[in-house]
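Side-chain atoms are counted along with the backbone in the values below, which use heavy atoms only and exclude waters and symmetry mates. Each chain gets a letter, A, B and so on, in the order the sequences are listed, and its residues count up from 1.
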There are 2 protein chains.
Amino acid sequence: MSAKLNLDKLDYQIIQEMMEDAEISYADLGKKLFVSGGTIHVRIKKLEELKVVKGKKLSVDLKALGYDVIAFIGVYLEKSSLYDTVAKELKKIPQIVRLNYTTGNYSMFAEIVCKDIQELRYVLHDELQKIKGIERTETFISLEESLDRNVVVLPENC
Amino acid sequence: MSAKLNLDKLDYQIIQEMMEDAEISYADLGKKLFVSGGTIHVRIKKLEELKVVKGKKLSVDLKALGYDVIAFIGVYLEKSSLYDTVAKELKKIPQIVRLNYTTGNYSMFAEIVCKDIQELRYVLHDELQKIKGIERTETFISLEESLDRNVVVLPENC
DNA sequence: ATTGAAAGAGTCTCAGT
DNA sequence: ACTGAGACTCTTTCAAT
């Protein structure tokens with residue numbers, strides 16, 4: 001499925017280090033990995049061209065901004081062939097931040113971020129119920145996020 | 001729940017713009033929002049001190065790196081009071097990247113990233129079954145991620 | 001491919017408003 | 001609080017290896 005990439009140990013080390021600290025400078029990262037800053041630069045450009053590294057994302061504290069409710073929604077479809085049309089409708093709801101087509105009980109799995117329970121209730125009741133093709137939904141409100149991290153991408157090396 | 005922050009329109013605009021493009025320079029962002037680069041700098045430092053902005057994260061294409069399997073795991077606990085001890089064990093499994101304590105059918109909700117189905121099977125069968133307190137689990141393998149975006153943080157303004 | 005140095009661009013500080 | 005300019009740091013390019 002995934003194309004041959006031929007990444008070496010240094011490539012993986014760069015990705016791993018930058019997943020832990022995306023703001024480290026090329027010079028400092030070079031020191032840490034015993035190569036020059038120029039080499040780090042060349043490798044990162046290569047990884048960006050290969051679309052392995054997609055860029056940087058701002059990390060914000062949603063709770064601090066007043067988004068107190070994170071919830072997961074399991075969606076049952078009337079027919080699984082309705083996935084594309086239902087997905088298109090769900091994407092129009094700005095509170096829905098993630099959507100996966102899944103195996104198992106639910107046809108699709110959504111993640112939603114809201115300011116409060118009232119807003120969640122509004123989206124679940126007024127927005128989702130309007131969408132044709134959704135049989136029913138099950139909502140799991142997050143009471144606590146205990147973990148949110150990156151996968152470890154170092155293989156046998158290092 | 002969330003403390004009084006007193007962010008103004010410019011603060012929200014900066015966060016919104018940087019969520020869409022985390023790598024824009026202060027000068028360019030200033031031009032876009034009709035203030036100087038120095039003002040953008042001051043505001044971002046303030047937002048970092050307030051812990052609203054937590055920094056930047058490297059965005060990588062897991063599929064390109066050979067992590068072909070993303071799955072969600074609903075965990076049923078024998079007693080919900082076992083959450084902390086089970087969470088501690090789950091955190092030891094590097095493939096588990098996210099963990100939430102939830103309301104609803106499941107006591108907890110995990111997200112897992114694996115290289116292939118064999119690795120997923122290994123974690124589900126060999127690692128999870130070892131953990132005391134887990135009654136059973138339900139796994140939803142993602143066949144397609146249709147959406148992964150940030151919430152829109154602009155209130156009445158703009 | 002990697003290096004080191006020079007050029008260019010960005011961040012950070014600060015005095016003035 | 002915002003600005004603009006100077007100091008500093010980082011990224012980017014490139015000739016040499």
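- Under the side-chain hydrogen bond (donor to acceptor under 3.5 Å, both in side chains) criterion, B:K91 pairs with no residue at all, not counting sequence neighbours.
- When the salt bridge (charged side-chain N to carboxylate O under 4.0 Å, His left out) test is applied to B:E20, no partner is found at least two apart in sequence or on another chain.
- Of the N and O atoms on the side chains of B:E138 and A:N105, at least one donor lies less than 3.5 Å from an acceptor on the other residue.
- Identified under the ring pair (Phe, Tyr, Trp, His ring centres under 6.0 Å) test for residues 29-55 of chain A, with sequence neighbours left out: A:Y26-A:H41.
- The side chain to side chain contact (heavy atoms under 4.5 Å, CB included) test applied to B:S80 returns B:Y101, not counting sequence neighbours.
- The side chain to side chain contact (heavy atoms under 4.5 Å, CB included) check on A:E78 picks up A:L82, A:E135, with sequence neighbours excluded.
- Shown for residues 38-53 of chain A: residues whose heavy atoms fall under 4.0 angstrom of DNA chain C, namely A:G38, A:T39, A:R43.
- The side-chain hydrogen bond (donor to acceptor under 3.5 Å, both in side chains) search around A:T39 returns A:S36, not counting sequence neighbours.
- Sorted by first and then second residue, the side chain to side chain donor-acceptor pair (under 3.5 Å) pairs with a member in residues 52-62 of chain B form an empty list; sequence neighbours excluded.
- Sorted pairs that involve residues 116-135 of chain A and meet ring pair (Phe, Tyr, Trp, His ring centres under 6.0 Å), not counting sequence neighbours, are lacking altogether.
- When the side-chain hydrogen bond (donor to acceptor under 3.5 Å, both in side chains) test is applied to A:S146, the partners found at least two apart in sequence or on another chain are B:Y83.
- A heavy atom lying under 4.0 Å from DNA chain D marks none of the residues of residues 14-34 of chain B.
- From the 5' end on, the contacts that DNA chain C makes with chain B at under 4.0 Å to a non-hydrogen atom open and close at C:dG10 to C:dT13.
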